[in-house]
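Convention: sequence-line order gives letters A, B, ...; per-chain numbering from 1.
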There are 2 protein chains.
Amino acid sequence: MDPVRPYTEVLDRLKSAGLRPTRQRLALAKLLADSGDRHITAEQLHDEAQRAGVRVSLATVYNTLHQFTAAGLLREVVVEAGRSYFDTNTSNHHHFFHQDRGELVDIPAGAVTVSELPVAPEGSAIESVHVVVRIRDDAN
Amino acid sequence: MDPVRPYTEVLDRLKSAGLRPTRQRLALAKLLADSGDRHITAEQLHDEAQRAGVRVSLATVYNTLHQFTAAGLLREVVVEAGRSYFDTNTSNHHHFFHQDRGELVDIPAGAVTVSELPVAPEGSAIESVHVVVRIRDDAN
DNA sequence: TTTTTTCTTTAGAATTGTTCTAATCTATTG
DNA sequence: CAATAGATTAGAACAATTCTAAAGAAAAAA
């Protein structure tokens with residue numbers, strides 16, 4: 001019985017990105033897709049894969065995260081020196097960064113507005129606008 | 001400015017930050033102050049110091065940059081994984097990040113406006129709002 | 001199918017930026 | 001000046017990431 005074909009969508013996305021649907025890529029894509037919007041590091045994803053019984057090396061996790069990012073399936077977010085987060089929400093949005101916990105949180109769409117865009121310097125074009133709101137545990 | 005006593009201002013700032021005015025700190029502070037608004041990495045500052053004939057270790061450059069940041073004389077900016085920039089302009093402003101050159105450029109005050117601030121999550125308080133506009137060399 | 005080609009994965013080494021360590025040195029205090 | 005608290009240093013250690021080159025798997029050709 002095969003009422004659900006959970007890999008179909010992921011398979012199509014890999015195919016159109018020109019990536020072979022290997023066991024590792026499919027498993028990682030599934031882990032990412034099934035977990036909803038989140039911000040994950042390479043190490044975290046590697047651990048999750050291990051726990052889920054998926055045998056995959058850390059190097060492959062890094063490769064795959066970058067390939068998925070290049071293919072538009074993920075978005076890389078850098079807010080801390082020496083650590084990259086990969087956001088499963090690729091839509092244009094902004095982030096809170098909780099400095100005490102090292103945690104990223106999406107800013108709800110519409111909760112922040114950049115009302116005036118700067119003009120890019122001569123010879124360059126704007127690629128993205130990202131607002132990072134750094135927060136701390138309240139004093140209370 | 002008083003060309004006769006070029007270290008006076010820097011000396012006062014160190015003193016009020018509770019930092020001893022050592023040869024290294026004075027020299028680094030002077031290098032930073034004399035060069036106008038800029039975005040510098042620890043390695044870059046270390047190189048500049050060497051070239052200026054200031055003998056200082058890389059470890060001290062890191063220590064000093066962090067101490068100056070804690071004292072409000074510098075602002076740390078993170079836009080790239082694995083590299084910290086220190087901004088000599090501590091006023092509240094935003095940045096272009098030129099992705100092809102790995103270069104930070106201040107966005108002129110008033111050229112970008114965040115018109116609606118998000119509400120910080122329960123139990124946390126906003127510490128800073130930073131807009132990063134990523135740019136690329138134009139296709140033309 | 002089987003073979004061949006191309007792409008992928010892997011373990012471990014290498015690299016990079018940064019922080020730590022503990023010995024030495026220097027500014028300040030008494 | 002001596003005592004002490006703080007600062008500097010070289011080099012080791014570290015963490016995140018990338019590289020390497022050998023072995024493995026998927027796709028294309030025969």
Side-chain angles (χ1 to χ4, degrees), chain A residues 7 10-31 39-50 53-71 73-74 76-86 102 104, chain B residues 7 10-31 39-50 52-71 73-74 76-86 102-104:
Chain A
Y7 281 96
V10 153
L11 221 149
D12 288 347
R13 304 194 101 185
L14 289 184
K15 189 175 286 182
S16 61
L19 296 171
R20 288 183 179 172
T22 63
R23 180 175 57 76
Q24 291 85 344
R25 283 185 187 141
L26 286 171
L28 293 177
K30 189 133 199 324
L31 276 176
H39 310 91
I40 200 170
T41 65
E43 294 263 3
Q44 280 166 10
L45 182 56
H46 183 242
D47 288 354
E48 276 189 29
Q50 305 286 281
V54 178
R55 280 174 29 267
V56 59
S57 72
L58 185 56
T60 295
V61 172
Y62 273 104
N63 288 340
T64 303
L65 286 173
H66 287 140
Q67 290 155 351
F68 284 8
T69 299
L73 278 65
L74 290 175
E76 189 173 357
V77 178
V78 178
V79 287
E80 251 187 320
R83 180 184 268 75
S84 271
Y85 293 88
F86 292 86
L104 276 173
Chain B
Y7 281 96
V10 154
L11 221 148
D12 288 347
R13 304 193 102 185
L14 289 184
K15 190 175 286 182
S16 61
L19 297 171
R20 288 184 180 174
T22 63
R23 178 175 59 74
Q24 291 85 343
R25 283 183 187 144
L26 285 171
L28 293 177
K30 190 132 198 324
L31 276 176
H39 309 90
I40 199 169
T41 66
E43 294 264 2
Q44 280 167 9
L45 182 55
H46 184 241
D47 288 355
E48 277 190 28
Q50 305 286 280
V54 177
R55 279 172 32 264
V56 59
S57 72
L58 184 57
T60 295
V61 171
Y62 273 104
N63 287 340
T64 303
L65 286 172
H66 287 140
Q67 291 154 351
F68 284 9
T69 300
L73 278 65
L74 291 175
E76 190 171 358
V77 178
V78 179
V79 287
E80 251 187 319
R83 180 183 270 73
S84 270
Y85 293 88
F86 292 86
E103 219 175 79
L104 277 172

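Comparing D:dA27, D:dT8, D:dA7 against the side chain of B:Arg20 picks out D:dA7 as the nearest. Checking C:dT9, D:dA7, C:dT18 against the side-chain heavy atoms of B:Ser84 singles out C:dT18 as nearest. Comparing D:dA7, D:dT9, D:dA27 against the side chain of B:Ala59 picks out D:dT9 as the nearest. Comparing C:dT10, C:dA27, D:dA10 by their nearest atom to the side chain of B:Ser57 picks out D:dA10. Relative to the side chain of B:Tyr62, the nucleotides D:dA16, C:dG12, C:dT19 differ in distance, and C:dT19 lies closest.
Between the side chain of A:Arg23 and the backbone N or O of A:Arg55, at least one donor-acceptor pair lies under 3.5 Å.
Following rounding to the nearest Å, B:Leu65 (CG) and C:dT18 (P) show an atom-to-atom distance of 10 Å. Residue A:Asp47 contributes atom CG, which lies 14 Å from atom C1' of D:dA16 at whole-angstrom precision. B:Arg25 has its CZ atom 9 Å from the C1' atom of D:dT8, to the nearest Å. If you measure from atom CG of B:Leu19 to atom P of D:dA7, you get 7 Å, rounded to the nearest angstrom. Counting to the nearest Å, the P atom of C:dT19 and the NE2 atom of B:His46 are 15 Å from each other. Note: CD (A:Gln67) to C1' (C:dC7) measures 10 Å, nearest angstrom. Going from atom CG of A:Leu26 over to atom C1' of D:dA25 covers 13 Å, rounded to whole Å. D:dT18 atom P lies 12 Å from atom CD of A:Glu43, rounded to whole Å.
A sub-4.0 Å separation between OP1 or OP2 of C:dT10 and a side-chain N or O of A:Gln24 is present. Side-chain N/O atoms of A:Thr60 include one lying less than 4.0 angstrom from OP1 or OP2 on C:dT10. OP1 or OP2 of C:dT19 lies within a sub-4.0 Å distance of a side-chain N or O belonging to B:His66. The side chain of A:Thr22 contributes an N or O atom lying less than 4.0 Å from OP1 or OP2 of C:dT9.
Between the side chain of B:Arg83 and the base of C:dT16 there is no donor-acceptor pair of N/O atoms closer than 3.5 Å.
The nearest heavy atom of DNA chain C to B:Arg23 and to B:Tyr85 marks one nucleotide each, and the one closer to the 5' end goes with B:Tyr85. Both B:Val56 and B:Ala81 lie near DNA chain D, and the one whose nearest nucleotide falls closer to the 5' end is B:Val56.
Note that NE2 of A:His46 and CD1 of A:Ile40 are 12.0 Å apart. Values are rounded to the nearest 0.5 Å.
The shortest side-chain heavy-atom distance between A:Arg25 and A:Leu14 falls under the 4.5 Å cut-off. Between B:Gln24 and B:Val54, the closest side-chain pair of non-hydrogen atoms is not below 4.5 Å.
For the side chain to side chain contact (heavy atoms under 4.5 Å, CB included) with A:Phe86, the qualifying choice from A:Leu74, A:Thr64, A:Val77, A:Leu73 is A:Leu74, the only one to do so.
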